Amino acid sequence: MLQVAFIREHKSDVIKGLAKRNIDATEMIEEVIALDESRRQLQTKLDNTLAESNSISKEIGNLYKSGKAAEANALKEKTSQLKEDSKAYNEALNDKANALTELLYKIPNVPHDSVPLGNSDEDNEEIFREGDIPKLHEKALPHWELAKKYDIIDFELGNKITGAGFPVYKGKGAKLQRALITYFLDKNTAAGYTEYQLPHLINEASGIGTGQLPDKEGQMYHVGADNLYLIPTAEVPGTNLFRDELLAESDLPIGITGYTPCFRREAGSYGAHVRGLNRLHQFDKVEIIRVEHPENSYTAFEGMIAHVKDILRELKLPYRILRLCGGDVTFASALTYDFEVFSTAQDRWLEISSVSNFETFQANRLKLRFKNQDGKSQLCHTLNGSSLALPRVLAGILENYQTEDGIQIPEVLIPYTGFEKI
RNA sequence: GGAGAAAUGGCAGAGUGGUCGAAUGCGGCAGUCUUGAAAACUGUUGAGGGUCACACCUCCGGGGGUUCGAAUCCCUCUUUCUCCGCCA
């Protein structure tokens with residue numbers, strides 16, 4: 001959520017920035033300013049009414065104390081009108097404040113200057129590419145065929161016990177999953193992130209804190225009896241750790257990492273691109289989350305990019321980095337780089353990590369602040385990224401490391417799997 | 001699941017209808033002293049709204065109510081603790 005004061009002071013910049021997302025926000029921004037203006041006016045009226053009624057109350061107290069009950073009773077009558085007024089002002093104020101909040105929830109973050117123009121993922125800008133694309137043998141298979149051939153992932157069984165998009169990992173497939181999770185966590189903690197185990201269900205307040213609610217309610221699985229949601233990513237519980245926190249400047253930066261399963265309803269997805277591991281309702285992911293001083297957040301962002309690069313280099317997977325364009329950058333993000341691994345057998349790129357700087361957008365909703373050197377409260381910057389998402393990394397490994405007599409395990413993973421080949 | 005107790009500032013912890021945004025301690029910050037540090041002493045220190053700045057307003061777990069006036073009384077929800085039950 002953008003800050004009202006920021007919108008008020010940088011109106012044209014905000015409109016110009018949002019235009020990069022191909023939206024004309026002029027009307028919304030004008031409305032925000034108008035709502036805020038009338039909210040402030042009502043607040044002043046309410047405050048004045050309350051001030052008057054407070055001072056009368058004090059007077060009544062003093063009169064009673066000095067035994068002047070008759071005068072006190074006379075004053076009491078004066079307050080009834082004030083009470084009515086303040087009630088009316090209060091209601092009007094709440095209406096305006098709610099309307100303002102609702103509107104602010106609908107306005108996405110202003111993209112960073114470096115975000116390129118564009119309408120869709122086709123306009124994303126490739127900024128880096130590394131790793132050799134292997135030459136596979138003639139009988140090379142896509143990962144869903146390999147999974148079947150080596151009996152390491154069973155999609156049918158998942159269909160039986162839950163439904164499509166809930167694969168069952170078996171034997172070396174299951175072990176490889178566990179190896180990847182441990183390897184990622186080890187890499188992240190070695191880079192200074194503190195490991196957390198987080199709840200897999202979140203309440204409404206947490207959903208609002210990171211922006212899944214109220215708008216994207218349909219993307220999450222909802223447990224109606226307890227009004228809880230299954231997490232779509234560790235970002236939600238991980239970032240909400242810091243909801244309503246006022247940190248000391250010396251607490252920053254904070255870096256945490258955690259492994260969680262992720263649950264996504266993915267309503268509306270279909271077709272060949274969702275085959276196998278490409279798109280799932282339940283998948284595993286190791287996430288990194290940072291809370292940063294505003295001055296350092298872009299340095300931290302570069303650090304996260306370098307960190308993910310390092311992992312992919314070690315895994316020896318061919319990958320590229322995209323700077324998402326205005327039309328593709330997510331709602332809350334100011335700047336997002338996507339990492340994609342090349343799936344040789346499918347001849348396409350698969351997104352395996354997304355690293356974003358949200359600047360103050362999440363922190364404003366979360367009320368995540370720190371006390372700066374002037375002793376003032378200031379919003380932190382939040383960032384997060386996958387480090388990494390499992391299924392497509394697995395797909396990339398299966399496809400790129402396949403040989404005619406089995407699938408090689410990347411060298412760095414062998415200590416974790418305990419086997420060299422599937 | 002049953003019975004009882006509780007929720008106050010960064011933390012601990014007083015406060016049971018008026019001058020309480022809240023004693024005190026710890027912590028933080030600034031200073032004195034010191035070659036420096038520690039100790040000691042002095043001062044200062046909650047958040048949000050509002051204002052050019054003041055004034056002023058709101059907040060004592062969340063929501064609602066009683067009252068001229070609520071941290072304090074009532075209702076309700078949530079959470080925590082103790083005991084009992086169940087249990088990986």
Side-chain angles (χ1 to χ4, degrees), chain A residues 1-9 32-101 103-104 197-209 213-214 223-229 237 240-252 254 291 293 360 362-380:
Chain A
M1 173 164 82
L2 295 171
Q3 299 168 86
V4 178
F6 182 84
I7 292 176
R8 217 191 306 149
E9 283 158 33
V32 165
I33 291 169
L35 280 170
D36 179 54
E37 177 66 31
S38 50
R39 195 211 96 234
R40 273 149 64 211
Q41 278 174 10
L42 284 163
Q43 183 80 60
T44 305
K45 283 183 184 170
L46 175 64
D47 286 356
N48 291 339
T49 311
L50 289 174
E52 197 176 341
S53 123
N54 283 347
S55 81
I56 291 175
S57 289
K58 262 182 201 168
E59 217 175 309
I60 289 172
N62 288 333
L63 287 171
Y64 272 125
K65 245 179 214 168
S66 47
K68 295 173 184 164
E71 283 177 49
N73 286 330
L75 271 180
K76 274 190 196 178
E77 282 172 34
K78 266 178 80 177
T79 61
S80 69
Q81 182 61 43
L82 290 173
K83 244 184 156 178
E84 272 176 45
D85 290 351
S86 65
K87 203 175 169 189
Y89 287 139
N90 200 19
E91 273 172 27
L93 178 68
N94 282 338
D95 286 349
K96 291 290 178 194
N98 291 340
L100 179 60
T101 307
L103 183 57
L104 285 170
Q197 278 202 10
L198 298 161
H200 300 170
L201 286 120
I202 50 128
N203 59 26
E204 223 167 39
S206 295
I208 290 169
L213 298 175
V223 182
D226 298 293
N227 196 26
L228 297 172
Y229 296 85
N240 273 285
L241 253 24
F242 305 100
R243 175 153 47 90
D244 295 320
E245 291 291 329
L246 179 55
L247 303 169
E249 196 164 9
S250 57
D251 292 334
L252 301 174
I254 294 170
V291 180
H293 191 289
T360 60
Q362 286 184 329
N364 191 29
R365 267 205 205 193
L366 291 163
K367 295 200 183 71
L368 165 54
R369 298 150 301 161
F370 70 99
K371 197 148 246 193
N372 66 21
Q373 283 177 330
D374 303 331
K376 295 246 171 78
S377 301
Q378 194 178 340
L379 292 173
C380 301

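Letters A, B, ... are given to chains in the order of the sequence lines, protein chains preceding strands, and every chain is numbered from 1. In this text the structure is predicted, and so the values were computed from the model without any measurement.
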Worksheet item: Quick one: on RNA chain B, does A/R39 or A/K58 contact a more 5' nucleotide (nearest heavy atom)?
Response: A/K58
Worksheet entry | Residue pair A/D36 / A/R39: nearest heavy atoms and the distance that separates them | OD1-NH1, 2.6 Å
Worksheet, complete the sentence: Rounded to the nearest 0.5 angstrom, the OH-CG distance for A/Y89 and A/L42 is 8.0 Å
Worksheet, complete the sentence: Note: for A/Q378 and A/I60 on RNA chain B, the residue whose nearest nucleotide lies more 5' is A/Q378
Practice prompt. Would you indicate whether the side-chain heavy atoms of A/I202 and A/N240 approach each other to under 4.5 Å?
Written response: no
Discussion item. Return the NE2 to CD distance between A/H293 and A/Q378, rounded to the nearest 0.5 Å.
Written reply: 5.5 Å
Worksheet item: Tell me, what's RNA chain B's dot-bracket, Watson-Crick or G-U with both distances under 3.5 Å, | for other-strand, [ ] crossing?
Response: ((((((((.[[[..)..(.....]]]((((((.......))))))((((......)))).[[[[[..)....]]]]])))))))....
Worksheet item: Is a donor on one side and an acceptor on the other found under 3.5 Å between the side chain of A/D251 and the backbone of A/A248?
Response: yes
Practice prompt. Starting from the C-alpha separation in whole Å, work towards a yes-or-no answer on side chain to side chain contact (heavy atoms under 4.5 Å, CB included) for A/L198 and A/L241.
Written response: CA-CA 9 Å; A/L198 298 161; A/L241 253 24; 3.9 Å; yes
Worksheet item: Which is it for A/V291 and A/L252 under the side chain to side chain contact (heavy atoms under 4.5 Å, CB included) test, yes or no, and what are the steps along the way?
Response: CA-CA 7 Å; A/V291 180; A/L252 301 174; 3.7 Å; yes
Worksheet entry | Whole-Å C1' distance, B/rA70 and B/rC20 | 11 Å
Worksheet entry | Value in whole Å for how far the P atom of B/rC77 lies from CG of A/N227 | 16 Å
Discussion item. Checking side-chain polar atoms at under 3.5 Å, does A/E52 have a donor or acceptor matched by the opposite partner on A/N48?
Written reply: no
Fill in: Distance-only side-chain donor-acceptor flag, A/T101 / A/N98, under 3.5 Å
no
Item to complete: Determine the Euclidean distance between corresponding P atoms of B/rA6 and B/rC74; express it in Å to zero decimal places.
Response: 11 Å
Worksheet item: Once you round it to whole Å, what is the distance between C1' of B/rG27 and CG of A/L247?
Response: 16 Å
Item to complete: Please state the C1' separation for the pair B/rU32 and B/rA37 - nearest whole angstrom.
Response: 15 Å
Worksheet item: Considering only B/rA47, B/rG50, B/rG18, which nucleotide approaches the side chain of A/S377 most closely?
Response: B/rA47
Practice prompt. Nearest whole angstrom, please: distance from the P of B/rG50 to the CG of A/L42.
Written response: 13 Å
Item to complete: Between B/rA23 and B/rG9, how far apart are the C1' atoms? Round to whole Å, please.
Response: 13 Å
Practice prompt. In whole angstrom, give the distance that lies between atom NZ of A/K45 and atom C1' of B/rA55.
Written response: 19 Å
Fill in: Full working for side chain to side chain contact (heavy atoms under 4.5 Å, CB included) between A/I7 and A/L104
CA-CA 10 Å; A/I7 292 176; A/L104 285 170; 3.8 Å; yes
Do any N or O atoms of the protein come closer than 3.5 Å to N or O atoms of nucleotides 56-59 of chain B, and which pairs are they?
from: B/rC57; atom 1: OP1; to: A/N54; atom 2: ND2; distance (Å): 3.2
from: B/rC57; atom 1: O2'; to: A/D47; atom 2: OD1; distance (Å): 2.8

Discussion item. What's the gap between B/rG62 and B/rU79 when it is taken at their P atoms, as a whole Å value?
Written reply: 15 Å
Discussion item. By the 4.0 Å heavy-atom rule, please label A/T49 as base, sugar-phosphate, or nothing.
Written reply: nothing
Practice prompt. Taking atom P in both B/rG28 and B/rA39, compute the distance separating them and give it to the nearest angstrom.
Written response: 9 Å
Worksheet entry | Length of the line joining A/L246:CG and B/rG28:P, which is rounded to integer Å | 16 Å
Fill in: Pairwise distance OG(A/S377) to CG(A/L247) - rounded to 0.5 angstrom
10.5 Å
Practice prompt. Carefully, step by step, assess A/S206 and A/N203 under the rule side chain to side chain donor-acceptor pair (under 3.5 Å).
Written response: CA-CA 6 Å; A/S206 295; A/N203 59 26; 3.1 Å; yes
Discussion item. Give me the distance, rounded to whole Å, that separates B/rC77 from B/rC83 when you measure between the P atoms they each carry.
Written reply: 25 Å
Worksheet item: Heavy-atom contacts under 4.0 Å between residues 76-100 of chain A and RNA chain B, which residues?
Response: A/K76, A/T79, A/K83
Practice prompt. Say whether, by atom type as modelled, one donor and one acceptor occur between the side chain of A/S80 and the main chain of A/K76 under 3.5 angstrom.
Written response: no
Discussion item. Expressed as a whole number of angstroms, how long is the span from A/N62:CG to B/rG18:P?
Written reply: 13 Å
Item to complete: Find the distance A/L252:CG to B/rG10:P and express it as a whole number of Å.
Response: 17 Å
Worksheet item: What's the CZ-P distance between A/F242 and B/rG10, to the nearest Å?
Response: 17 Å
Discussion item. Rounding to an integer number of angstrom, what distance separates B/rC60 and B/rG65 when you compare their P atoms?
Written reply: 15 Å
